[in-house]
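Chain letters run A, B, ... following the sequence lines, proteins first, then strands; residues in each count from 1.
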Protein chains: 2
Amino acid sequence: MKGLGELERTIMDILWARSAPLTAREVGRLIEDRDLAPTTVMTVLDRLSRKGFLNRTRDGRAWRYQPAASRDAYVAELMLEALDLTGDRDAALTRFAQAVSGSEAEILRRALTELEDH
Amino acid sequence: MKGLGELERTIMDILWARSAPLTAREVGRLIEDRDLAPTTVMTVLDRLSRKGFLNRTRDGRAWRYQPAASRDAYVAELMLEALDLTGDRDAALTRFAQAVSGSEAEILRRALTELEDH
DNA sequence: CCTACCTCTCTACGGTGCGTAGTACTACTA
DNA sequence: TAGTAGTACTACGCACCGTAGAGAGGTAGG
């Protein structure tokens, strides 16, 4: 895949948080703190869709951008990618299981149990 | 943390694979395919120790480099970092659990069960 | 109809990280 | 004493990213 930059992630977060696809202008309005030029937002949106993180569709003259995958899917994929870096997946998974906090271990346990049931 | 580059990862892999700390020369000899200048290897080793991935100790004039953490710990940390990117950790964990293959789900299950027992 | 404005695409600049390596200096060894 | 090994410092090119301006082409209001 590829990691995202700071601004790229901010923008993805905004788009992940909405269900409806947004235009560049709308995204720009939702980034309050930073005073970015409109073209900056457009450039980043363009790069993100080039990289496959966003899909865009026409709406009059403007594009509407929408995440290509859910944030959870993205995060899960990043985790799997990290896992691929090791030679010993079992050891890494064991480590990981030990590292997650108690409540999260519970989540994992439940998800795995459901898997088993199917 | 930070991701590693291509050559950086190659070198970390070499060091992770040995138990004993190696000198730059020794590492260079273990990279067969690429014909790298000795200084290239030294530079990368230096950067890696600056970044905290390696510890080094003197051995005569030379440095001996050694991973600061195990590969599994590194991978587990990367996975946790990915997990931190999401707003909804539970959803991401559930996704992840569904994505790992059957045998790996088994590993995870076992590790989690052991956790529970303590 | 003209003007202001919106949006797009294209191009660009500066910073940073990384692969790659040269140079200059020091110290051991034959 | 000359070669070799090792170090520190410096540097170049490339790619990625934050940032944004320039120019072109529609659109809407006076």
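Using a 4.0 Å cutoff on non-hydrogen atoms, the parts of residues 62-70 of chain B near DNA chain D are B:A62, B:W63, ordered by number.
Atom CG in A:D59 sits roughly 10 Å away from atom P in C:dC8 (whole-Å rounding). Distance, A:D46 CG to C:dC8 P: 9 Å, rounded to whole Å. When rounded to the nearest whole Å, the span between CG of B:L45 and C1' of C:dA21 equals 15 Å. Between the CZ atom of B:R50 and the P atom of C:dG19 there is a distance of 15 Å, given to the nearest Å. If you measure from atom CE of B:M42 to atom C1' of D:dA5, you get 8 Å, rounded to the nearest angstrom.
Checked against side-chain contact (heavy atoms from CB on, under 4.5 Å), B:A68 has the following partners two or more places apart in sequence or in another chain: B:N55. Under the side-chain contact (heavy atoms from CB on, under 4.5 Å) criterion, B:D90 pairs with A:I107, B:D88, not counting sequence neighbours. Shown here are the side-chain contact (heavy atoms from CB on, under 4.5 Å) partners of B:A37, two or more places apart in sequence or in another chain: B:T39, B:T40. Every side-chain hydrogen bond (donor to acceptor under 3.5 Å, both in side chains) that A:R64 has, sequence neighbours left out, goes to A:E26, A:D59. Taking A:A62 as the reference, A:T23 meet the side-chain contact (heavy atoms from CB on, under 4.5 Å) condition, with sequence neighbours excluded.
When the side chains of ILVMFWY residues are joined at heavy-atom separations under 4.5 Å, either directly or via intervening members, A:M42 and A:I31 end up in two distinct hydrophobic clusters.
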Taking only N/O atoms, report every protein-nucleotides 14-16 of chain C pair under 3.5 Å with atom names and distance.
none

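Here the closest non-hydrogen pair linking B:Q98 and A:L115 is CA-CD1, 4.2 Å.
Identified under the ring-ring contact (aromatic ring centres under 6.0 Å, His included) test for residues 20-48 of chain A, with sequence neighbours left out: none. Screening residues 96-110 of chain B for salt bridge (Lys or Arg N to Asp or Glu O under 4.0 Å), with sequence neighbours left out, gives A:R89-B:E104, A:E116-B:R109, B:E106-B:R109. Screening residues 34-45 of chain A for salt bridge (Lys or Arg N to Asp or Glu O under 4.0 Å), with sequence neighbours left out, gives no hits. The stretch residues 38-68 of chain B participates, sequence neighbours left out, in these ring-ring contact (aromatic ring centres under 6.0 Å, His included) pairs: B:F53-B:Y74.
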Whether each nucleotide of nucleotides 12-25 of chain D has a protein heavy atom under 4.0 Å at its base (B), only at its sugar-phosphate (S) or at neither (-) is summarised, 5' to 3', as -----BBBBBB---
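When distances are taken from the side chain of A:A24 to each of D:dA8, C:dC8, C:dT7, the shortest belongs to C:dC8.
At D:dA8, one or more side-chain N or O atoms of B:R56 fall inside 4.0 Å of OP1 or OP2 (strictly under the cut-off).
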